[in-house]
Amino acid sequence: MKLVVRNDDRAVAALTARLVADLLKARPDCVLGLATGRTMERVYDALVEIGHAEALDFSRCRTFNLDEYIGLPPGSAHSYRAYMNDHLFSRIAIPLENTMLPDGSAADLAAEAARYEDAIRRAGGIDLQLVGIGETGHIGFNEPLSSFTSRTRDITLAPGTRRQNAVLFDGDIDAVPRRALTMGVGTILEARRVVLVATGAAKAGILAQAVEGPVTPMISATALHFHPDSLAIVDEDAAPHLKHREYYDSVFATDPEFASFNA
Ligand code: F6R
């Protein structure tokens, strides 16, 4: 894992969007793994901005989202499909049929999970997977005790996750679904690159545990230590408890991957 600390959430979003944009330029038919949540809103704003400024071609890329709620009414504005359409897909020229999310309204959730895994496989696997981190340490909706070999499946959301996400349901925790379909930790680890994005003081404690603490299925983000190419991009507000900050900063200053950001 590499870890980069940027000044604020805007700088985090700019770096993350730049990595996605560079991949798209190098491989217009790449497969992107996407996430939802408040952290990603700024990332998608930055990606849309770069897309316009640099005439990025999204027409041939395909996207797979991490997760979707189960049990929302059809067409719900709270679905992750609605989120993705609002925050990204309606703002770039991507054919909607190239954008995939698990279907949380499927009658047979196990069959839907298997279909989703198969679709990722048939697309050739995910080139770059964006993940946020929840206050429970989840990536995707892989709550505590998720096996590191888990695949796409339905799962019960942790009470802490439902509290965290209630703000997106007008503060009404009872409106937050209790279950979701999520890529598994094992699914995420198969992406060729995983980029974890964390901003804000609310993430400071869990980020330090995820990055510098022991590897444990109680915090699914710690599984990223098993990935050969994972990168965490975090802001100062999320970084105060990191013990090896001096090293992380020296990586950012010297690693050729970040040379253009130090110019
Ligand atoms: C979203 C997802 C979650 C979020 C995480 C952080 O698709 O899978 O893991 O990335 O809960 O959410 P925010 O950014 O709202 O703090």
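For ligands, and for the atoms within them, numbers begin at 1 and follow the listed sequence. Counting from 1, the numbers follow the sequence of the chain as shown.
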Pair Glu117-Thr187, side-chain donor/acceptor within less than 3.5 Å: yes
- request: Check whether the ring centres of Phe58 and Phe89 lie less than 6.0 Å apart, and answer yes or no.
  value: no
Can you pull out the closest protein heavy atom to [atom]? Residue, atom name and distance to 0.1 Å, please.
atom: atom 16 (O) of ligand 1; value: Lys203 NZ, 2.6 Å
atom: atom 12 (O) of ligand 1; value: Gln164 NE2, 3.4 Å
atom: atom 14 (O) of ligand 1; value: Thr39 OG1, 2.5 Å
atom: atom 15 (O) of ligand 1; value: Arg38 N, 2.8 Å

message: Counting only nitrogen or oxygen atoms and a 3.5 angstrom limit, does Thr36 reach ligand 1?
response: yes
task: Indicate yes or no: does an N/O atom of Tyr80 lie under 3.5 Å from an N/O atom of ligand 1?
output: no
- line: Within 4.0 Å of some non-hydrogen atom of Gly37, the atoms of ligand 1 are 14 (O), 15 (O)
- prompt: Can you list the atoms of ligand 1 that are under 4.0 Å from a heavy atom of Leu66?
  reply: 8 (O)
task: Name the option, out of Asp67, Thr161, Asn142, Leu196, that contains the heavy atom nearest to atom 2 (C) of ligand 1.
output: Asp67
- prompt: Heavy atoms only: which of Gly132, Gly140, Ala180 is nearest to atom 3 (C) of ligand 1?
  reply: Gly140
If the threshold is 4.0 Å, N to carboxylate O, is there a salt bridge linking [X] and [Y]?
X: Arg163; Y: Glu135; answer: no
X: Asp118; Y: Arg121; answer: yes
X: Glu257; Y: Arg193; answer: yes

- request: Could you walk me through whether Glu236 and Arg245 pass salt bridge (charged side-chain N to carboxylate O under 4.0 Å, His left out), step by step?
  value: CA-CA 11 Å; Glu236 290 286 359; Arg245 175 64 190 273; 2.8 Å; yes
message: Let's go through Thr199 and Arg38 carefully: what are the C-alpha distance in whole Å and the side-chain angles of both, what is the deciding distance for side chain to side chain donor-acceptor pair (under 3.5 Å) to 0.1 Å, and is it a yes or a no?
response: CA-CA 9 Å; Thr199 58; Arg38 283 154 298 171; over 6 Å; no
